[in-house]
Amino acid sequence: MEIKSAVIPVAGRGTRFHPVTKVVAKELLPLVDTPILHHIVLEAARAGIQRIVLITSKGKTSLEDYFDSDLDDDLLRKIDIISVRQGSPRGLGHAVLCARPIVGNEPFAVLLGDDVIDSEVSVTRQLIDASQRFDGSPVVGVMEVSEEDSCKYGIVGGKEIDKHTFLLDKLVEKPKPGTAPSNLAIPGRYILTPDIFPLLENATPTLNGEIQLTDALQALAKKRKMYAYQFTGKRFDAGDKFGYLEANLHYAMKRPEIRERAKKLILQMAKELE
Ligand code: G1P
């Protein structure tokens, strides 16, 4: 079944980017001149997604305005943007549950705005293809992380059944050092089936008093087959100051009008820093 909807939770306050996020939504911070959210929505559009469900909150109407502006991109102009409010910050699991009335009884993608992934084939497309190879089963995108970084992510455990593909039996949110089931982390890309909704509805808050999507996924993995796919692409943690800087440099290098000057500047700075 083709996947029509992608849910993008954007209700977060962006405290890691204060002071700018006191007045600017963190999803509108630019990579060179293009907002982070533009990159995320484009990834979804390139995967064939037709409808974006933004889960927003107070102070985030600029995100809707952005997509109403005259965007010079045919793919983006074709996509429907719908927003749903998350009244209070109750966690990622709760944010995804807010999309239920729009998504209905169909499979859907989830893309987290802090993770920007540059790839030849849209990562969301790579995951939809993986899901279709397994009769429409849920699939999470994974990447390798170091042991010390595993406490920042949802981590999966399972067995490799095919190239880059794992059948899952464990999903743990931010495991304590030394307890991670593997070195495979979920950087915010999911293909989910609607049977996740009742699990989210009945979930109890855990880590930080929030309803965690990873906990509901663990419950789902007990009921049906679920997979992880190690995608191909370069991922940036745009929700972190250093990752944001790295993403900006990466995208600057892809812009012919500034590439050479930016390269010279970086080499010059590197010399001065030696
Ligand atoms: C969220 C998810 C986590 C995932 C991460 C990816 O955590 O809860 O499972 O690995 O995003 O960025 P957050 O970074 O919002 O704390």
Side-chain angles (χ1 to χ4, degrees), residues 6-17 21 25-27 29 36-37 39-40 43-44 54-57 60 86 89-99 109-118 123-124 127 138-158 166 168 170-177 179-192 196 199-200 203-221 226-231 233-244 246-247:
V7 176
I8 307 184
V10 292
R13 288 245 147 93
T15 43
R16 284 193 285 175
F17 273 92
T21 47
K26 67 172 176 176
E27 297 79 9
L29 295 180
I36 290 171
L37 186 61
H39 285 269
I40 309 283
E43 177 192 321
L54 295 177
I55 311 300
T56 69
S57 62
K60 291 288 185 107
Q86 184 184 20
R90 292 173 59 196
L92 176 60
H94 177 256
V96 171
L97 182 59
C98 291
V110 176
L111 292 85
L112 303 189
D114 282 347
D115 304 276
V116 175
I117 310 175
D118 190 16
V123 169
T124 299
L127 300 185
V139 173
V140 297
V142 289
M143 63 176 190
E144 286 180 349
V145 291
S146 65
E147 204 179 323
E148 67 196 62
D149 275 349
S150 60
C151 59
K152 296 184 193 159
Y153 298 95
I155 304 285
V156 302
F166 303 81
L168 300 183
K170 263 219 148 72
L171 294 105
V172 192
E173 180 66 9
K174 304 194 175 83
K176 296 221 161 63
T179 67
S182 78
N183 64 345
L184 294 173
I186 312 173
R189 295 295 185 273
Y190 313 79
I191 304 300
L192 300 180
I196 193 73
L199 296 172
L200 287 170
T204 40
T206 54
L207 199 66
N208 304 327
E210 294 180 343
I211 294 175
Q212 297 293 340
L213 178 59
T214 311
D215 293 343
L217 292 175
Q218 167 73 81
L220 190 62
M226 241 184 91
Y227 300 86
Y229 182 71
Q230 198 176 346
F231 60 82
K234 187 155 176 51
R235 177 260 181 184
F236 301 95
D237 181 2
D240 162 82
K241 290 182 190 73
F242 180 77
Y244 177 70
E246 196 187 354

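Quick note: numbers below take in every heavy atom, side chains included, and nothing from hydrogens, waters or symmetry partners. Each ligand, and each atom within it, is numbered from 1 in the order the structure gives.
Side-chain atoms of H94 and Q86 include a donor-acceptor pair closer than 3.5 Å.
Classification of D114 and R235 as a salt-bridged pair fails, no side-chain N sitting under 4.0 Å from a carboxylate O.
In this structure, CD in E27 is found 9.0 Å from CD1 in I40, a value given to the nearest 0.5 Å. In this structure, the separation between CD on Q212 and CG on L207 is 5.0 Å, given to the nearest 0.5 Å.
Applying the salt bridge (charged side-chain N to carboxylate O under 4.0 Å, His left out) test to pairs two or more places apart or on separate chains, those with a residue in residues 140-158 are D149-K152.
You'll find the ring centres of F236 and Y244 outside the 6.0 Å limit.
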Short N or O contacts of ligand 1 with protein, under 3.5 Å, listed by atom name?
{"residue": "ligand 1", "atom": "7 (O)", "partner": "K174", "partner atom": "NZ", "Å": "3.3"}
{"residue": "ligand 1", "atom": "8 (O)", "partner": "E173", "partner atom": "OE1", "Å": "3.4"}
{"residue": "ligand 1", "atom": "8 (O)", "partner": "E173", "partner atom": "OE2", "Å": "2.7"}
{"residue": "ligand 1", "atom": "9 (O)", "partner": "G154", "partner atom": "N", "Å": "3.1"}
{"residue": "ligand 1", "atom": "9 (O)", "partner": "E173", "partner atom": "OE1", "Å": "2.7"}
{"residue": "ligand 1", "atom": "9 (O)", "partner": "T214", "partner atom": "OG1", "Å": "3.4"}
{"residue": "ligand 1", "atom": "10 (O)", "partner": "G154", "partner atom": "N", "Å": "2.9"}
{"residue": "ligand 1", "atom": "10 (O)", "partner": "I186", "partner atom": "O", "Å": "2.5"}
{"residue": "ligand 1", "atom": "12 (O)", "partner": "D115", "partner atom": "OD1", "Å": "3.3"}
{"residue": "ligand 1", "atom": "12 (O)", "partner": "D115", "partner atom": "OD2", "Å": "2.9"}
{"residue": "ligand 1", "atom": "16 (O)", "partner": "K174", "partner atom": "NZ", "Å": "2.7"}

